[in-house]
2 protein chains.
Amino acid sequence: MTKKSSSVTIRNVARQAGVSVATVSRYINHNAPVSPEVAERLIKVMAELNYLPHAAARHLATRKARVVGLLLTNMTNDYFAPLLNGIESVVSQHGYNLLVATHRSASNNDFQPPIGPHNTDGLLVFAASLKDEQLYQLHKKKFPVVLIHRTPPDDLPLPFVTVENKAATRAIIDHLIEVHGKRRIIFMRGPIHNEDSHWREMGYKASLQAHGIDYDPALVLAGEFERKVAQESMSTCLSSKYPEFDAVFAGDDEAAIGVFAALQQAGRRVPEEIAVAGFDDQRMSSFLNPPLTTVRAPTEEVGRVAGQQLFNLLQGLPVDPVSLLPTEIIIRRSCGCNH
Amino acid sequence: MTKKSSSVTIRNVARQAGVSVATVSRYINHNAPVSPEVAERLIKVMAELNYLPHAAARHLATRKARVVGLLLTNMTNDYFAPLLNGIESVVSQHGYNLLVATHRSASNNDFQPPIGPHNTDGLLVFAASLKDEQLYQLHKKKFPVVLIHRTPPDDLPLPFVTVENKAATRAIIDHLIEVHGKRRIIFMRGPIHNEDSHWREMGYKASLQAHGIDYDPALVLAGEFERKVAQESMSTCLSSKYPEFDAVFAGDDEAAIGVFAALQQAGRRVPEEIAVAGFDDQRMSSFLNPPLTTVRAPTEEVGRVAGQQLFNLLQGLPVDPVSLLPTEIIIRRSCGCNH
DNA sequence: CCGGTTAATGTAACCGGTTACATTATGGCA
DNA sequence: TGCCATAATGTAACCGGTTACATTAACCGG
């Protein structure tokens with residue numbers, strides 16, 4: 001009965017093949033010539049023993065984990081399937097692995113995030129999954145970080161990738177006002193301090209102002225980019241007399257679903273009575289009832305670009321400090337159009 | 001100019017605090033008593049130096065990676081957002097990290113999957129992301145594996161978690177036949193060898209047989225559980241005279257969307273002319289136009305249960321060899337009902 | 001035939017933790 | 001007072017790779 005671990009190591013392979021561990025290592029990494037006979041013996045022995053180099057040992061010796069991390073706040077939004085897909089595709093292309101973790105930056109101050117320099121070579125940080133101070137610390141260590149849907153705090157030259165929010169939102173509000181004659185348009189906010197939400201609100205305000213419509217704080221509701229929250233906000237709003245409104249920009253598609261649900265439950269018709277618009281153009285948005293007028297955000301592309309930037313960073317290649325991916329408004333029926 | 005790596009190690013901490021590395025290690029892992037004064041000094045020093053134990057070194061020494069892997073074939077289906085969410089929640093609860101990788105078992109035979117014993121403590125294997133032989137190899141090494149939406153090959157006692165497919169599909173086909181008088185029902189298959197698809201087809205056939213309807217191979221189409229594929233299959237089917245049909249069970253909700261699109265494009269009305277049903281009950285399915293009649297699969301719960309089983313395995317706790325989560329049919333409008 | 005270059009390989013230190021074992025200090029009890 | 005159990009800590013080997021440096025063999029031109 002062998003007490004030894006059942007895992008086969010490079011030394012087993014070396015002994016079995018009658019060479020030194022250095023030779024085996026060199027063969028595996030193809031970073032120094034190995035004689036053909038030895039190579040042949042090695043492939044055979046490695047296959048027989050079913051040898052796989054131990055990732056941690058390698059990581060320790062080379063100081064490369066061959067792993068990148070993705071930090072996000074949660075995964076309850078369908079938005080994340082395409083994002084992950086985009087990221088994963090470039091990560092695997094580079095022969096790396098992807099470590100996924102959720103972390104609320106709001107939680108106990110100095111609670112360390114579960115992924116970082118100790119277990120990855122670089123980090124993709126989504127929105128508010130890390131707080132500024134933690135970003136500063138990572139940067140101080142020269143740790144590669146790319147931000148997604150978030151800009152770096154002052155003086156931190158971290159590359160980030162996000163989508164154009166303000167102009168698209170402005171365009172969609174313009175549409176509601178100009179084409180459909182709406183004047184009382186609800187704006188649903190995302191999570192507090194969410195930058196996308198911020199710029200969408202800027203677009204909203206810009207449009208109102210351009211049309212001489214007063215900004216009414218009563219028309220701003222909490223949607224949180226979550227279906228449930230949006231539904232409740234909408235419901236409580238509906239059950240009170242004031243404010244009256246004739247349209248709602250839901251913040252994102254997910255919240256738009258919640259708005260649909262609340263409106264439907266209250267017997268208000270979309271778009272005849274209330275126009276609704278979202279943001280993201282999720283995969284199913286064109287099949288909703290009614291089809292959702294929204295803004296198309298290239299989510300999978302965001303993932304790919306972010307991944308690509310991170311690998312540029314890792315390889316010392318030039319990096320785009322800002323990747324602002326274009327969006328376009330998608331007019332369907334929920335605004336009252338008949339596309 | 002220090003050539004040394006910028007990372008701070010346990011030896012730095014030890015020196016700075018005037019103790020040995022063993023003491024630091026013991027404090028970190030709370031596995032042996034440390035005097036209060038030393039503890040106090042350590043927390044201070046560790047905070048000052050911003051010390052984080054190197055995961056690989058730990059992994060190497062303890063032979064525990066504190067990482068579990070999730071292997072899947074792709075992430076192009078919205079189905080995966082809730083699945084990942086369920087898995088991630090239990091993984092992080094246990095203080096572990098999640099490594100996500102895609103891998104087509106169809107690809108070059110002996111091409112090693114990117115995650116396994118060398119970089120994780122256990123694996124969640126989704127559907128056909130690994131082939132039987134690779135499962136045998138993992139099992140030979142006593143490596144913890146839990147299957148998701150897949151049963152183990154013969155004689156392999158791997159725990160698996162999936163959902164009830166056959167009875168639910170049978171119930172929904174029964175419904176189409178009995179309530180809506182459909183007789184020519186298309187069945188869309190998922191990917192080849194997909195077990196869910198297999199059992200759904202069994203349910204389909206069982207229902208037909210029970211109602212004395214002949215099984216017509218011309219009525220089974222390829223849907224692949226992918227929207228695009230389903231749409232094309234449906235379209236080509238529509239453009240040819242034969243077969244006639246009055247309903248389609250799309251295989252899953254994703255494919256149902258494709259069916260909706262094809263039908264709509266061809267000017268066929270759902271459900272007046274053609275009834276449609278799906279499977280999964282994705283988050284948006286109730287908001288489709290028309291709301292989709294489908295089967296609710298507890299996807300997030302599948303993720304949680306699978307994760308839980310894997311941790312039971314890791315901790316030597318008893319494991320349920322099979323977790324068959326219940327499903328229920330959700331009648332909405334796409335079948336012709338008026339809910 | 002010899003000094004020097006190059007190809008192929010071996011030896012052993014090192015990466016940063018953990019932990020078996022050894023050591024020292026302290027308090028209890030006969 | 002002396003002996004032993006126990007608490008707190010230190011030393012060094014070890015986990016499984018990589019790689020600087022050393023070594024040997026082969027080959028080449030003069």
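Just so it is clear, the model here is predicted, and its values are computed rather than measured. Residue numbers start from 1 in every chain, and the chains themselves are labelled A, B, ... in the order their sequence lines are given, proteins ahead of strands.
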| note | When rounded to whole Å, the NE2 to P distance for the pair A:His118 and C:dG17 reads 11 Å
| said: Measure NE2/B:His54 against P/D:dG17 and give the value in whole Å, please. | reply: 16 Å
| query | Partner of D:dG30 by Watson-Crick or G-U wobble geometry, both contacts under 3.5 Å, or none? | reply | C:dC1
| message | Between C1' on C:dT9 and CZ on A:Arg41, what's the gap in Å once rounded to a whole number? | response | 11 Å
| task | Using whole Å, report how far CG of B:Leu60 lies from C1' of C:dC15. | result | 9 Å
| query | How close or far is atom P of D:dC15 from atom NZ of B:Lys64, stated in whole angstroms? | reply | 17 Å
| task | Look at the side chain of A:Ser7 and decide which nucleotide, out of D:dT9, D:dG16, D:dG10, has an atom nearest to it. | result | D:dG16
| query | Should A:Thr9 be listed as having a side-chain N or O under 4.0 Å from OP1 or OP2 of D:dC15? | reply | no
| task | Please lay out, stage by stage, how B:Leu314 and B:Tyr96 fare under the test side-chain contact (heavy atoms from CB on, under 4.5 Å). | result | CA-CA 12 Å; B:Leu314 290 175; B:Tyr96 270 55; 4.1 Å; yes
| task | Look at the aromatic rings of A:His59 and B:His54 and report parallel, tilted or perpendicular, splitting at 30° and 60°. | result | tilted
Check nucleotides 18-21 of chain C against the protein and report each pair of N or O atoms closer than 3.5 Å, with its distance, or say if there are none.
residue	atom	partner	partner atom	Å
C:dT18	OP1	B:Asn29	OD1	3.4
C:dT18	OP1	B:Asn29	ND2	3.0
C:dT18	OP1	B:Arg58	NE	3.0
C:dT18	OP2	B:Ser25	OG	2.6
C:dT18	OP2	B:Asn29	ND2	3.4

| message | In whole Å, I'd like the distance from the CZ atom of B:Arg63 to the C1' atom of D:dG16. | response | 9 Å
| task | Would you mind reading off the distance between B:Leu42 atom CG and C:dG17 atom C1', rounded to a whole angstrom? | result | 15 Å
| task | Apply side-chain contact (heavy atoms from CB on, under 4.5 Å) to A:Ala32 and list each qualifying residue two or more places apart in sequence or on a separate chain. | result | A:Arg26
| task | Using atom CZ of A:Arg15 as one end and atom P of C:dT11 as the other, report the distance to the nearest whole Å. | result | 13 Å
| What are the two closest non-hydrogen atoms of B:Asn97 and A:Ala101, and how far apart are they? | ND2-CB, 4.1 Å
| task | For residues A:His149 and A:Tyr79, establish whether the separation of their ring centroids is below 6.0 Å. | result | yes
| Who are the side-chain contact (heavy atoms from CB on, under 4.5 Å) partners of B:Leu156, not counting sequence neighbours? | B:Leu135, B:Tyr136, B:His139, B:Pro152, B:Pro153, B:Leu158
| field | pair B:Asn12-B:Tyr51: side-chain heavy atoms closer than 4.5 Å | value | no
